[in-house]
Amino acid sequence: MNHRQRLRLQFYRRDALEVARDLLGRVLCRRVGPGRVLRGRIVEVEAYDGPADRASHAHRGRTPRNAPMFAAGGLAYVYRIYGVHHCLNAVTGDPSYPAAVLLRATEPPAAELSASGPGRLCRAFDVDRRLDGASLCGRTLWIEQGTPVPDREVRRTERIGVSYAGAWAAKRYRFIVRGHPAVSGPRRLR
DNA sequence: GGTGCGATTGCA
DNA sequence: GCAATCGCACCA
């Protein structure tokens with residue numbers, strides 16, 4: 001069962017854009033009880049790449065909230081947004097360079113609940129601040145190899161909800177499985 | 001200690 | 001179109 005093999009730490013300790021592209025088709029896994037694991041195939045992600053990226057939480061330096069982004073790749077970075085939802089990121093790269101990949105959607109048939117959009121994804125997988133800083137190679141949260149997505153099915157677009165970020169808002173740091181029904185955001189960006 | 005707001009979502 | 005709702009960044 002090769003596709004069930006867990007991604008290793010080394011997978012995350014690369015450039016955020018590479019990791020983002022490579023996370024498509026992988027399977028997010030969350031243990032929610034004895035013998036009970038939720039799984040969902042990742043179909044939409046966004047990279048937040050380094051201190052210069054104005055859309056990134058790391059842009060204004062290290063703070064208590066974004067501390068996991070300044071760790072070595074392979075951790076979860078979970079934060080609360082709008083006081084209502086949570087967002088789950090995979091921390092990437094080297095400790096000297098804060099970067100992460102936001103997980104925005106998984107394929108519904110593989111997950112127990114619909115998981116289109118970063119907040120809904122966290123709700124579906126029972127992800128909250130308890131998992132902030134947790135390992136992505138641990139017992140309750142991990143990502144499996146799954147089936148990589150070929151280049152012809154990958155589309156790159158600008159990121160969602162970062163219009164304040166100046167020139168960085170236009171950068172095509174979002175990666176999706178082209179036309180997949182579970183992808184979130186406006187129609188023109190599917 | 002006070003203030004402003006966001007890597008979103010659901011409902012009017 | 002906009003309210004919900006709160007942690008946190010920033011300023012004093």
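Keep in mind it's a predicted model, so treat the numbers as computed, not measured. The chains referred to below are lettered A, B, ... by the order of the sequence lines, with proteins before strands, and numbering in each begins at 1.
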### Query
How many angstroms lie between NE2 in A:His57 and OH in A:Tyr79, if you round to the nearest 0.5 Å?
4.5 Å

### Message
Side-chain N or O of A:Arg120 versus OP1/OP2 of B:dG10: is the shortest distance under 4.0 Å?
### Response
yes

### Message
In this structure, how many angstroms lie between the P atom of B:dT8 and the CZ atom of A:Arg174, rounded?
### Response
11 Å

### Query
Looking at A:Arg80, does any N or O in its side chain come under 4.0 Å of the phosphate oxygens OP1/OP2 on B:dG6?
no

### Query
Partner of C:dC10 by Watson-Crick or G-U wobble geometry, both contacts under 3.5 Å, or none?
B:dG2

### Task
Compare all side-chain heavy atoms of A:Val162 with those of A:Trp168 and state whether any distance is below 4.5 angstrom.
no

### Task
Considering just the side-chain nitrogens and oxygens of A:Tyr82, establish if one lies under 4.0 Å of OP1 or OP2 belonging to B:dA7.
no

### Query
A:Leu189 CG to B:dT8 P: how many Å, rounded?
13 Å

#### Entry: Atom pair distance, as rounded to whole Å: OH in A:Tyr164 and C1' in B:dG4
15 Å

#### Entry: Residue A:Tyr79, side-chain heavy atoms: nucleotide from C:dT5, B:dA7, C:dC8 that is nearest
B:dA7

### Modelled atom types, side-chain donor and acceptor of A:Asp53 and A:Tyr173, under 3.5 Å
no

### Candidates C:dA9, B:dA7, B:dT9 - which lies nearest the side chain of A:His85
B:dT9

### Message
Using the P atom as the point on both nucleotides, what is the distance between C:dT5 and B:dG2, in whole Å?
### Response
22 Å

#### Entry: Spacing of A:Asn66 atom CG relative to B:dG6 atom P, expressed in whole Å
17 Å

## Note on the structure
Here the distance between atom P of B:dC5 and atom NE2 of A:His57, to the nearest Å, is 16 Å

### Query
Distance only, no hydrogens: is a donor on one side chain within 3.5 Å (strictly under) of an acceptor on the other, for A:Thr157 and A:Arg174?
yes

### Message
Less than 4.0 angstrom between a side-chain N/O of A:Thr63 and OP1 or OP2 of C:dA9, yes or no?
### Response
yes

### Query
When you check the gap from the basic side-chain N to the acidic O, do A:Arg14 and A:Asp22 get nearer than 4.0 Å?
yes

### Is_stacked (A:Tyr48, B:dA7) at 5.5 Å, 30 deg
yes

### Task
For residues A:Thr106 and A:Phe125, determine if any side-chain heavy atom of one lies less than 4.5 Å from a side-chain heavy atom of the other.
yes

### Task
Respond yes when some side-chain nitrogen or oxygen of A:Arg129 is under 4.0 Å from OP1 or OP2 of C:dC6, and no when none is.
no

## Note on the structure
Closest to the side chain of A:Val84, out of C:dT5, C:dA9, B:dG6, is C:dT5

### Task
Take atom CG of A:Leu102 and atom P of B:dG6, then tell me their distance rounded to the nearest Å.
16 Å

### Query
Between B:dG6, C:dC10, C:dC8, which nucleotide gets closest to the side-chain atoms of A:Arg65?
C:dC8

### Query
Whole-Å distance between C:dA3 P and A:Ile81 CD1?
18 Å

### Message
In this structure, how many angstroms lie between the C1' atom of B:dG6 and the NE2 atom of A:His86, rounded?
### Response
15 Å

#### Entry: Opposite nucleotide pairing with B:dA7, Watson-Crick or G-U, both atom distances under 3.5 Å
none

